Structure formats: structure tokens, C-alpha cells
Chemist: 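Pasting a structure below so you can have a look.
Below, read A as the first sequence line, B as the second, and so on, with proteins coming before strands; counting in each chain starts at 1. Worth saying up front: this structure is predicted, and the values here are computed from it rather than measured. Keep in mind that the numbers below use all heavy atoms, side chains included, and drop hydrogens, waters and symmetry copies.
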There are 2 protein chains.
Amino acid sequence: MSGTNMRSRGRPRLFDEDAVLDELTTLFWRKGYSQTSMADLVDASGVHKSSLYSTFGTKEELFAKILQRYLVNRMGMFSELVEQAGPGIDGIQAFLEMLRGDLVSGTGQWGCLLVNSSSELSGTAPGFEDFGVAFRKALRERLRGLIRQAEPEGTARTRVTDQRTDLFMTFMLGLNLTVRGGADENEIGRVIDAMQATVDTWR
Amino acid sequence: MSGTNMRSRGRPRLFDEDAVLDELTTLFWRKGYSQTSMADLVDASGVHKSSLYSTFGTKEELFAKILQRYLVNRMGMFSELVEQAGPGIDGIQAFLEMLRGDLVSGTGQWGCLLVNSSSELSGTAPGFEDFGVAFRKALRERLRGLIRQAEPEGTARTRVTDQRTDLFMTFMLGLNLTVRGGADENEIGRVIDAMQATVDTWR
DNA sequence: CACATTAACTACCGCTCGGTAGTAAAACGT
DNA sequence: ACGTTTTACTACCGAGCGGTAGTTAATGTG
């Protein structure tokens, strides 16, 4: 990789590129792509408009970079969460318990940026659809891993595992929508309880 | 109700108000609120801009009317579907089977207008959030009815029924997102299969 | 046939949008 | 110190946005 060892032949940046991308990510996350104007991005970051353009390109290109970044970060966080949850059915339950905590406040209440964007831009901006597809595929793979390791050892019930994975995946998407739709803590709790009850029948 | 018997004292409309609202609904449905411009609405309906404004008010007011209309229509369709599905667990399975057919083509592939809008406008347009909440509440009630009647007669397992309702509700939201996210027929089919397998354990 | 009323249509408004040219200001290597 | 390179900043652009005033064309009522 270049970049870190690039000799700077000229004036250096006054802002931290990563920090600015983080700021802009939360803006897009909260308000959506089309509801976020360049002026909003300028205000939130403190970086002048032309600098944003010269650094990140057009709004579309910037958003693509942000989605890419988000995708990597999210999958990393997700893997950590799964590892932290531990093995077996209890691991799945622990994973759901962690979700419960995250979704009530902070960035959790905005749902998943990729899922939101995929829904918002579907049928208008064809280029971004691929991010959503890629994300769902990657998420599904990891979910399958989490569920597979909770099956009785030695068994190869591929069909059962796949179906549970699809159900769990769809559940997480629905939960995303519930949260972003403005559900309160009680409603979120109830929904997670319901899934935990279902997972309990998998023992 | 007035309206039908209103004596027209002046020039009558050249367009059918309901038909135009139907046209505009599909536009908002497919492209979302903010990606649909007044010019788009004019083009799609053939009605001049000023006529749209004098008839339906501003874009926000028009959209509110459309959401209201959609809410009523949808709940009606949903009730019909449930009735058509029949009683018992088999009724739930039949209901899911009908979903399978609807989601692949036509308006089904755009998901639910209310759910989409609730997600799109969350955190930017506070007024519209209520539609989403109201819709989820109404949908949940009817879903509960569908599931309640499939429980063994005489039992009053409120907790179980509620949890199954929440799971089913969340499943439908997730399915909505899957469809709108650009999933193909196979993926949709797999997801519905997964839910049907779960429902089968409820017998 | 006037007259009031309502709708259709044209032309236009101010504003915000995403995007850019052109200039001033720093850092570098030599 | 010098020239080069890169960034920061100001000012601005054309286009599209939602929304409206004002005029013309139909209709019903007397």
C-alpha cells in the first residue's frame, strides 16, 4: 500500500481525512443520502466545499467511499461481536442480548447505513445497489457461521442451518426497520424477546 | 359524507382525482419521496403543476394524502388476504404462499410504501413518522388475529401468541427490505421457505 | 345573456442544489 | 532564497427545486 510513505511535496492537509469521513458517515447515516446536502457536509466537517471535492470527489463518489468504509468497519465489528458471544445456542442468545443494548441509543437507532441506503436508492441510483447486495451476502455468511457452530456436532443438516440463517438474517433486517421506524425501547425489547424464544427452540 | 352530492358551481375537473392519486402513488412508491420531483408528478399524471397544487396542496400535503389513502387500501387488502387464507396454521402458510407470488413482480418489488417512507424520512421529516407507527400498529393487530386463531382452541397463551406475532411482524419488515434491496426470486423464495419452516413448528 | 365560480394554463419567482474556476497560502526539495 | 506542488478559500455558475401570480377557458345560476 502507498499512502503512508508518500512524500508530501506541497502543503499538507489541515484536517484528518479519516476523522472527517467519520463525521460525514454519521450525517449520511442519520439523514440518508438525498436528504444530506453538500452544505450540510461542509457545516458538519468544517472543511470547505472545494476541499471536500478535491479530496473525495463528487457527492456520489464520496458516498461510495463512505459505504465502502462502512462495510469494512461493520463486518469487522460484527465478527468481533460474534467471537465475543461465544459458542452454541447460548452464543446466539448472547449476540441478541448485545444487539438489544446497541439499538436503543447512539448510532444504533439509525439502523444500518447500507440497508437504509439500499432501500432509499433502490430504483433510482443503480450503482449503489451492489453495496447492499454485497453486504447482505457477507452478513449472511457470518450469520451462517454463528448458527452452524450451534448445531449438534457431527451433524450436517445443511438445509436446517440454511433456513435458520435466512430467518435470522430476515429478522435482523426487520429489526433494523423497526428501530429506524421510531420504535421505543419496549417495542425493540419485545421483538428481541420473540427471536430469543424462537432460537431457544433450536436447542 | 359530502363530496359526491356537491353541486358543481363552476368548471368541472378534466381529470379523475382518484386515478391521478393512483398514478402519483406508484411514483412515490417506486422512487421514494425526495427522489420524486413535482416535475415527475406532472409528467406521470399529465396534470399541470398548478392544478396539482390547487387540488392537493403542497408536495408534503399531497404525500400525506397519498400515505393516508395507501394505509386504508393496504389494510383492506391485507384483511382480504387473511380471510382468503383460511383458519389454522395452514392459513398462515397459505398467507405466506400468497406473499411469495406478490413480491416477485408488480408493485410488490418496491416493498411497502409506508415502511419505506418511514425509513427514508426518519430523522428529517418528523410529521410523517406517525404514519409508520400507525401502520405497524394496525398491521400487528391483524397479524395477531391471524396467529391467535391458529392456536389450540380454549388456550389463552397470550405470551406465546404475542411473541409469535412480533416475530412474524419483524419477518415481514425484513422481507420488505429484502425485496426492495433487489433480491431475486430465489432469494425471496428461500426466505419465505425459512419462515414457513418456523411456522410449521407452531403446530 | 350576463355573472359568479371554478379549473386549466402560461410564465415566472426565489432558493437551494451539486459542482467549478481562479486566487491566496503554506509546505516541500534544491 | 527560489520555484514547485499541493492545499485552503472566495466567488460564482447553470440547473432544478418547490411554489405562485395572473390570465384564459369552461361550467352552472339568475
Chemist: Could you work out, with side-chain hydrogen bond (donor to acceptor under 3.5 Å, both in side chains) as the rule, every residue matching Asn186(A), not counting sequence neighbours?
Modeler: none

Chemist: By the ring-ring contact (aromatic ring centres under 6.0 Å, His included) test, which pairs, at least two apart or in different chains, include something from residues 61-105 of chain B?
Modeler: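 Passing the test, one end in residues 61-105 of chain B: Phe28(B)-Phe63(B), Trp29(B)-Tyr70(B), Tyr33(B)-Phe63(B), Phe63(B)-Phe128(B), Phe78(B)-Phe95(B).
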
Chemist: Which residues pass the side-chain hydrogen bond (donor to acceptor under 3.5 Å, both in side chains) test with Thr124(B), sequence neighbours left out?
Modeler: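 Testing Thr124(B) for side-chain hydrogen bond (donor to acceptor under 3.5 Å, both in side chains), a comparison that skips the adjacent residues, returns none.
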
Chemist: Please tabulate, one pair per line, each protein N/O and nucleotide N/O from nucleotides 2-4 of chain D that are separated by under 3.5 Å, including the distance.
Modeler:
none

Chemist: Only pairs at least two apart or in different chains count here, so list each side chain to side chain donor-acceptor pair (under 3.5 Å) that has a residue in residues 88-101 of chain A.
Modeler: Asp90(A)-Arg203(A), Gln93(A)-Asp200(A), Glu97(A)-Arg100(A), Glu97(A)-Gln196(A), Arg100(A)-Asp193(A), Arg100(A)-Gln196(A)

Chemist: Find which nucleotide of DNA chain D each of Leu14(B) and Lys59(B) is nearest to by heavy atoms, and output the residue with the more 5' nucleotide.
Modeler: Lys59(B)

Chemist: Which residues satisfy the salt bridge (charged side-chain N to carboxylate O under 4.0 Å, His left out) test with Glu17(B), sequence neighbours excluded?
Modeler: Arg13(B)

Chemist: I would like to know whether Leu62(A) and Tyr53(A) meet side-chain contact (heavy atoms from CB on, under 4.5 Å); could you show each step before the answer?
Modeler: CA-CA 8 Å; Leu62(A) 165 62; Tyr53(A) 272 97; over 6 Å; no

Chemist: Roughly, in whole Å, what's the span from CZ in Phe63(A) to C1' in dG18(C)?
Modeler: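 Distance, rounded to whole Å: 16 Å.
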
Chemist: Could you work out, with side-chain hydrogen bond (donor to acceptor under 3.5 Å, both in side chains) as the rule, every residue matching Lys59(B), not counting sequence neighbours?
Modeler: none

Chemist: Got a sec? Which of residues 43-58 of chain A come in under 4.0 Å of DNA chain C, heavy atoms?
Modeler: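 Lys49(A), Ser50(A), Tyr53(A), Thr58(A) - these, ordered by number, are the residues of the stretch whose heavy atoms sit under 4.0 Å from the strand.
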
Chemist: State which residues pass salt bridge (charged side-chain N to carboxylate O under 4.0 Å, His left out) with Asp130(B); sequence neighbours excluded, sorted by chain then number.
Modeler: none

Chemist: Enumerate the residues from residues 24-42 of chain B whose closest heavy atom to DNA chain C is under 4.0 Å, giving them by residue number; use none for an empty result.
Modeler: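 When residues 24-42 of chain B is checked for heavy atoms under 4.0 Å from DNA chain C, there are no hits whatsoever.
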
Chemist: Are Arg11(B) and dA25(D) close enough that a side-chain N or O sits under 4.0 Å from OP1 or OP2?
Modeler: no

Chemist: What pairs of residues pass the ring-ring contact (aromatic ring centres under 6.0 Å, His included) test when at least one of them lies in residues 167-203 of chain B, not counting sequence neighbours?
Modeler: none

Chemist: Could you list all the side chain to side chain donor-acceptor pair (under 3.5 Å) pairs where at least one residue sits in residues 138-148 of chain B, not counting sequence neighbours?
Modeler: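 Output for this query lists Ser79(B)-Arg142(B), Arg140(B)-Asp166(B), Arg144(B)-Asp162(B).
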
